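Here the structure is laid out as structure tokens; the discussion comes afterwards.
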Number of protein chains: 2
Amino acid sequence: MSKANTKTKILEAAEQLFAEQGFNSTSLRQITNEANVNLASVNYHFGSKKSLIQAVLARYLEIFMPILKRELDKVAADKVSTEAIIQAFVPPLFELNKLGKQSAKHFTVMIGRGYSETQGHLRKYIVNEYGEVLTQIIELFSQALPKLTKQELFWRLHFSLGALVFVMSSSGALEEIAMSDFFEQASTKTIVQKVVPYVAAGLTNQQGFLPNQFTTDQIGGSL
Amino acid sequence: MSKANTKTKILEAAEQLFAEQGFNSTSLRQITNEANVNLASVNYHFGSKKSLIQAVLARYLEIFMPILKRELDKVAADKVSTEAIIQAFVPPLFELNKLGKQSAKHFTVMIGRGYSETQGHLRKYIVNEYGEVLTQIIELFSQALPKLTKQELFWRLHFSLGALVFVMSSSGALEEIAMSDFFEQASTKTIVQKVVPYVAAGLTNQQGFLPNQFTTDQIGGSL
DNA sequence: ATAAATTTTAAACGGTTGTTTGAAATTTTG
DNA sequence: CAAAATTTCAAACAACCGTTTAAAATTTAT
């Protein structure tokens with residue numbers, strides 16, 4: 001974070017602060033102080049804070065998406081299984097750590113923040129730029145899980161994304177709470193290792209959409 | 001939201017805005033405008049914004065926690081199973097909708113925001129006030145899933161919380177994105193119905209901690 | 001009804017936000 | 001080397017933030 005040019009120094013400082021504190025809670029003054037550059041240089045190089053947010057994410061996606069596509073193509077050519085599709089996300093994710101020590105985690109957290117903070121422009125950017133890959137993901141999972149409706153698959157994929165993103169975003173908090181007496185340091189690798197079998201089980205579960213268990217009555221009855 | 005007293009009007013407006021926008025991104029002026037009360041009345045009735053955040057959450061927890069405890073006691077007295085423990089959370093959650101049409105969702109979202117926004121005071125408050133119930137939850141799950149270590153259980157419980165919270169927080173976003181052509185309106189009831197079998201599968205999964213699948217090598221190899 | 005306590009109100013406080021400006025410094029080009 | 005284009009910089013902008021103040025309005029108690 002030293003002899004790089006101004007634009008890169010801003011991107012690197014913004015990456016860390018956006019992931020740690022969120023987009024809205026991070027000020028341009030925090031970023032420029034951390035990056036040791038002048039405040040006005042953000043607007044000079046990126047135009048606005050909103051454009052900076054987009055640029056930080058674009059920097060990840062340009063690395064992540066091509067590798068993901070390559071891995072997905074490999075899965076499609078070989079044998080399509082839920083586990084194989086999930087594993088296809090691992091290499092592109094860890095490739096991001098070449099940008100910075102924690103970039104894989106920062107990327108995951110920022111994707112999550114793009115959902116929960118109202119950053120509609122981010123979603124539009126991703127869909128416009130990488131809609132094809134997103135479609136391919138759905139296609140492959142549909143193929144691996146032919147018994148699931150598109151709606152059911154949609155739900156489960158977002159539960160899976162949530163499981164990963166939530167723990168990545170709160171790894172700081174999780175270390176503080178009472179239960180964490182039994183909680184070793186949460187490296188990105190550890191989290192991924194733990195979440196893969198968890199989401200695989202949730203995605204492939206055969207009992208969820210059968211009407212004989214967890215019926216509407218049971219849940220509706222507690223209203 | 002009309003003839004209630006000032007304190008309640010503030011709590012109701014804050015509930016909605018905190019859930020929609022987060023704690024940091026919601027200003028006291030937004031809250032008091034929405035509630036049609038004077039700006040200074042927040043500090044008069046609650047002392048500070050931080051105390052208001054705590055008061056909004058306390059209003060939920062005072063309803064949620066006793067009912068949860070009652071349900072957990074029922075499970076403990078009868079037959080302890082993962083599914084039964086999960087179902088124990090449903091009645092207290094939907095009881096919150098007596099406070100407001102969307103309060104169950106707002107509560108869930110705010111619990112999530114308490115993790116990802118750095119609101120350490122919230123976690124301390126919850127642990128201090130309801131630590132016993134939290135301990136009981138862990139105890140029951142340990143009983144239902146005796147093969148899991150405490151660490152493994154801890155991970156899976158937070159993945160489960162994440163799956164629920166993420167989808168609740170982003171239900172607005174999820175309706176916008178491309179995949180959502182196949183996406184009906186996401187009521188709180190629908191989300192809970194969908195998430196219960198998902199997390200049940202993830203929690204009870206027997207393959208996750210076995211070393212013959214998804215090994216460290218597979219994941220570490222992609223670093 | 002009068003006094004006391006509580007609540008509401010408009011205004012202002014110092015501090016921070018994203019953005020703009022125009023001059024100074026630097027780098028690139030001819 | 002000089003001219004031109006690019007980048008950096010300190011300073012200021014209006015808008016917004018949480019909080020405080022003290023007077024006005026209202027409710028409660030005597």
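These values consider heavy atoms only, across backbone and side chains, with no hydrogens, waters or symmetry-generated copies. It should be emphasised that the depicted structure is a prediction, and the values quoted were computed from it without experimental measurement. Sequence lines set the chain letters: A, B, ... in the order given, protein chains first and strands last, and positions in each chain run from 1.
For the ring pair (Phe, Tyr, Trp, His ring centres under 6.0 Å) test, residues two or more places apart in sequence or in another chain that qualify with A:F107 are A:Y60, A:F64. Applying the side-chain contact (heavy atoms from CB on, under 4.5 Å) test to B:A76 and every residue at least two apart in sequence or in another chain returns B:L140. The side-chain contact (heavy atoms from CB on, under 4.5 Å) test applied to A:Q102 returns A:K105, A:H106, A:T188, not counting sequence neighbours. Legend: residues meeting side-chain contact (heavy atoms from CB on, under 4.5 Å) with A:T32, ordered by chain and number and at least two apart, are A:V37, A:L39, A:V42.
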Distances under 3.5 Å between nitrogen or oxygen atoms of protein and nucleotides 11-17 of chain C:
from   : atom 1 : to    : atom 2 : distance (Å)
C:dT17 : OP1    : A:S27 : OG     : 3.0

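Summarising the geometry, the separation between NE2 on A:H45 and P on C:dT19 is reported as 15 Å, rounded to the nearest angstrom. Summarising the geometry, the separation between CG on B:N43 and P on C:dT9 is reported as 15 Å, rounded to the nearest angstrom. Atoms OH (A:Y44) and C1' (C:dT21) sit 14 Å apart, rounded to a whole Å.
A donor-acceptor pair shorter than 3.5 Å can be found between the side chains of B:S160 and A:Y198. Side-chain contact annotation: B:E34 with B:Q30, donor-acceptor N/O pair under 3.5 Å absent.
For DNA chain D, the outermost nucleotides in 5' to 3' order that have an atom under 4.0 Å from a heavy atom of chain A are D:dT6 to D:dA12.
In this structure, B:I10 CD1 and B:S41 OG are separated by 3.5 Å, a value rounded to the nearest 0.5 Å.
No donor-acceptor pair closer than 3.5 Å links the side chain of A:S51 to the backbone N or O of A:G47.
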